[in-house]
Amino acid sequence: MGGKPWFIQWIRTTRAQLIISLLVMIGISVWTAPYFSESVFYLHGDKFRPILQEPQAVTYRAHNGQEVVVMNSDEPGQKRVIIERQEYEVHVLEDQSIPRYEVIYPSGERFRVEAHNKILLWLDQQGEWVPEISWNINGAPQPIDEQVGLYSPSMIVRAAFPEYHSKQGVLLLYYGSYALMLFGWSLFRFEKLQILLFHLSFHWLWVREAEPSDFFYLSCKISGIAIIGIGIYVFVQSFFI
């Protein structure tokens, strides 16, 4: 009988396993990269992401199917936000030391919003900050205030302007998880790395002609599996933090 096919022999080599691992990591990175570059905003805990971008309008959708449409006006600094068939107007107030906006509700009520970096504050008629508390009953959002209903002026402004949206996930944790998984796999797979770690532990300073024990090799393999598990956990968490 002939020997094993060349592909089986090649795939068992260290070089092949490294190449396959790198290709898998690169493929997953390319597939998931848009997630971290996409900006989103939240209304009552529901995440809205862009699904349709047109010159005059952007449509955002949550996982529950609810949509928010932001329409640009011909006048600079003016936008319209449509939520549940209700239309809200947002005007940028000019000549202000800090960014300020006026939000006009379908009822005709007018409210002002101030922006401090990415923190949006809803102001009352006297210019005082209005505490914003959103709450749910059995998963259903409840009105924030009798005048504004379910959506506060700051929520409307946040939906209208992309500069107040936020990126998804933590990219540093995402790539850090790959480093952990690669190190864990290498610690499990490669005896040379295990020997290197043995010498870095300085055991050889006190023992003449010290060599790693079978227990040390087993500990390295168990540690490698544990590190891979931690890497997988960090990978998953990087999408949700």
Side-chain angles (χ1 to χ4, degrees), residues 1-42 45-53 60-64 117-119 158 162-241:
M1 296 179 65
K4 295 180 180 180
W6 69 268
F7 179 76
I8 301 298
Q9 296 179 6
W10 177 80
I11 205 171
R12 289 183 175 179
T13 63
T14 300
R15 177 178 296 179
Q17 292 175 1
L18 285 173
I19 292 174
I20 293 172
S21 299
L22 288 174
L23 288 176
V24 170
M25 291 171 62
I26 292 172
I28 295 176
S29 298
V30 171
W31 179 56
T32 56
Y35 178 89
F36 294 94
S37 61
E38 189 175 64
S39 294
V40 299
F41 65 90
Y42 295 83
D46 293 324
K47 179 172 67 176
F48 288 80
R49 52 182 296 272
I51 61 167
L52 179 62
Q53 299 193 31
Y60 300 86
R61 180 180 294 165
H63 290 297
N64 60 10
N117 292 324
K118 285 196 172 185
I119 299 176
R158 186 174 301 280
E163 55 263 36
Y164 301 119
H165 298 177
S166 58
K167 298 291 185 180
Q168 303 181 96
V170 180
L171 198 58
L172 182 62
L173 289 180
Y174 175 73
Y175 286 113
S177 69
Y178 281 111
L180 283 171
M181 288 186 285
L182 183 59
F183 176 74
W185 177 76
S186 299
L187 184 59
F188 175 84
R189 176 68 176 79
F190 300 119
E191 185 175 306
K192 289 183 179 179
L193 177 59
Q194 297 167 3
I195 295 173
L196 174 63
L197 292 177
F198 174 79
H199 288 294
L200 290 177
S201 67
F202 298 108
H203 285 152
W204 57 274
L205 290 177
W206 294 278
V207 179
R208 181 175 297 178
E209 297 181 357
E211 293 293 336
S213 64
D214 292 340
F215 178 75
F216 180 84
Y217 286 123
L218 178 62
S219 298
C220 286
K221 290 184 177 295
I222 294 174
S223 298
I225 295 173
I227 293 172
I228 292 173
I230 294 173
I232 294 173
Y233 174 79
V234 173
F235 175 82
V236 174
Q237 289 299 309
S238 69
F239 288 87
F240 301 104
I241 295 178

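In what follows, residues are counted from 1 in the order of the sequence shown.
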Looking only at non-hydrogen atoms, find the nearest pair between A62 and D46 and report the distance. CB-CB, 4.2 Å
How many angstroms lie between CZ in F215 and CD1 in I222, if you round to the nearest 0.5 Å? 7.5 Å
Atom CG of L23 and atom CD1 of I20: how far apart are they, to the nearest 0.5 Å? 8.0 Å
For G231 and S177, which heavy atoms make the closest approach, and how far apart are they? O-CB, 3.3 Å
Could you tell me which non-hydrogen atom of L187 sits nearest to which non-hydrogen atom of G224, and how far apart they are? CD2-N, 3.7 Å
I'd like to check L182 versus Y178 (side-chain heavy atoms, cut-off strictly below 4.5 Å). Are they in contact? no
Nearest heavy-atom contact between Q194 and C220 is CG-CB, 3.6 Å
Do the side chains of F216 and F198 get nearer than 4.5 Å, heavy atoms only? yes
What class does the angle between the rings of Y174 and F239 fall in, given that below 30° is parallel, 30 to 60° is tilted and above 60° is perpendicular? perpendicular
Sole residue of E38, Q168, H165 in side-chain hydrogen bond (donor to acceptor under 3.5 Å, both in side chains) with R49: E38
Restricting to non-hydrogen atoms, name the atom on I195 and the atom on P212 that form the minimum distance, rounded to 0.1 Å. CG1-CG, 4.4 Å
Under 3.5 Å: donor-acceptor pair, side chain of R61, backbone of I51: no
Are the side chains of L180 and W185 in touch, meaning some heavy atoms are under 4.5 Å apart? no
Quick one: does F188's side chain get under 4.5 Å of I225's, heavy atoms only? yes
Counting heavy atoms not belonging to D214, are there more than 12 under 6.0 Å from its CG? no
Contact check, side chains of Q237 and Y233, non-hydrogen atoms, under 4.5 Å: yes
Please report the shortest heavy-atom distance between G169 and Y35, naming the atom on each side. N-CE2, 4.2 Å
Output the distance between atom CD1 (I228) and atom OG (S223), rounded to the nearest 0.5 Å. 11.0 Å
Is the ring centre of F41 less than 6.0 Å from the ring centre of Y164? no
Gap between atom CG of L171 and atom OG of S37 - 0.5 Å precision: 9.5 Å
Does S166 reach the side chain of Y42, with side-chain heavy atoms less than 4.5 Å apart? yes
If you round to the nearest 0.5 Å, how far is OH of Y60 from NZ of K47? 14.5 Å
Using a 4.5 Å cut-off on heavy atoms from C-beta on, say whether the side chain of E163 contacts that of K118. no
Do F36 and V170 come close enough that some side-chain heavy atom pair is under 4.5 Å? no
